[in-house]
Amino acid sequence: MQIEHALRAVNKGGTALGIKASNGVVIVTEKKLPTPLIDESSIEKISVITETIGMVYAGVGPDFRLILRKARRQAELYKLRYHEPIPVSQCAREIANIMQEYTQSGGVRPFGISLLVAGYDHNGPQLYQVDPSGSFWAWKASSIGKNSDNAKTFLEKRYSDSISLEDAINTAILTLKEGFEGEMDENNIEIGIVDENKKFKCLKPSEIADYLNEIGD
Amino acid sequence: MSIYEYNGSALIAMAGKECVAIASDTRFGVRNQTVWREAQKIFQINNKTFLGLGGLNTDIWTLKETFRFHHNLYALREERDMSPKVFANLVSHVLYSHRFGPYFVSPIVCGLDDDNVPFLCGTDEIGAQEITHDFIATGTAVESLMGVCETFYKENLEPEDLFETISQCLLAGVDRDCLSGWGAVVHVLTKDGITTRKLKMRQD
């Protein structure tokens, strides 16, 4: 079935993982480029959907761009109607609806991406995973892409409900490091966080470098 | 004659201390002829939100069903009720989507938010909001209603006192309007629940 191909594309994609902490959510991903000649600062794997929600993908890059555009559209439509930011669960549902449609419509193929959607709303911090089939779940911590099984096992051992956002960021980096090929630095990973301020933001390379130094080698 | 004066209506909403009240007359008329004395113009949207609709009766019922539909879908989808504020925004959105062929209504939304703070909002027929913290009135009797409200209203009234105030305002207000009256209903919404009372009044 086409979805199996989609899932295979996802599992070939760069690892991405997310952890829901007691006071926020972190998502991280590796940003491996085929050649060192590409300007890595121009590539963005973690994107903002609305002020309060961001997401990361594993799989086919161009498919993600389309989903991102559609997700932003749905989020803005929600805001237009209710004058309130879309809750993370609703955002994940809207994205899942779109992805489901592409498993059933004629003349299209399913999206070759899985997503981790992170945000903060009236229910507190939230982390959702959306798959090409249109299934979606809320997670405490999850990973997608290459090596995601190993990363999940690692997260299972490390996770606790009371973990703080700062600790979660460090755990996320450590987990990513486990299956990382080559030397990890501030330019070949991306980190997105959202805390009680309900503002999702992508960390700058300089900020990522601080976390990497903290962990040491 | 304005289409807003075809059936006649009088509505008030008032804020008290951790409570709100909404009252309306129950006349349904066709111009100067009264047809029915038990018309409903206030609709409960959820446990903490009321919608009052003045204006053309047929549009009142169409819109009431439309808003109920949107609210119920939202409640099923999000597994929570709309807050009064979000509901008011929905009202604005729906009304403005008929910008160039509007429903002939003047809605009032009132309720208590999550912290039991009163929320009052009125809009015009195309959804322009007017959020107040004390009282708001609408309908054919709006001028006289606003007058008595300005005179009698006090801040932070307890539910029973709020009921008395809003009732007297409505009764006095509709006496100066020949298109509304003929019975009245008052709902008082507190954090503990809702009390609904029908008022005995002049039937002329």
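Computed over heavy atoms, backbone and side chain alike; hydrogens, waters and symmetry mates excluded.
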J.: To the nearest 0.5 Å, what is the distance between CD on Q90(A) and CD on E79(B)?
T.: 8.5 Å

J.: So do the side chains of F87(B) and Y82(A) get within less than 4.5 Å of each other, counting heavy atoms only?
T.: no

J.: Taking side chain as C-beta onward, heavy atoms only, is R81(A) less than 4.5 Å from L90(B)?
T.: yes

J.: If you count heavy atoms of other groups shown closer than 6.0 angstrom to NZ of K152(A), is the number above 12?
T.: yes

J.: More than 12 foreign heavy atoms under 6.0 Å from CD of E130(B): is that the case here?
T.: no

J.: For E51(A), does the CD atom sit with more than 12 other heavy atoms under 6.0 Å from it, leaving out its own atoms?
T.: no

J.: For R176(B), is the CZ atom crowded, meaning more than 12 foreign heavy atoms sit under 6.0 Å from it?
T.: no

J.: Using a 4.5 Å cut-off on heavy atoms from C-beta on, say whether the side chain of R80(B) contacts that of P87(A).
T.: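 Contact flag for P87(A)/R80(B) side chains = yes.
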
J.: Report the C-alpha distance between K85(B) and E84(A) in whole Å, list the side-chain angles of each, state the deciding distance to 0.1 Å, and finish with yes or no for side chain to side chain contact (heavy atoms under 4.5 Å, CB included).
T.: CA-CA 10 Å; K85(B) 193 173 182 179; E84(A) 200 168 70; over 6 Å; no

J.: Just so I know, are the side chains of L80(A) and H93(B) near enough to count as touching, which here means a heavy-atom distance under 4.5 Å?
T.: yes

J.: More than 12 heavy atoms of other residues, nucleotides or ligands under 6.0 Å from NE2 of H133(B): is that the case?
T.: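 12 or below, so no.
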
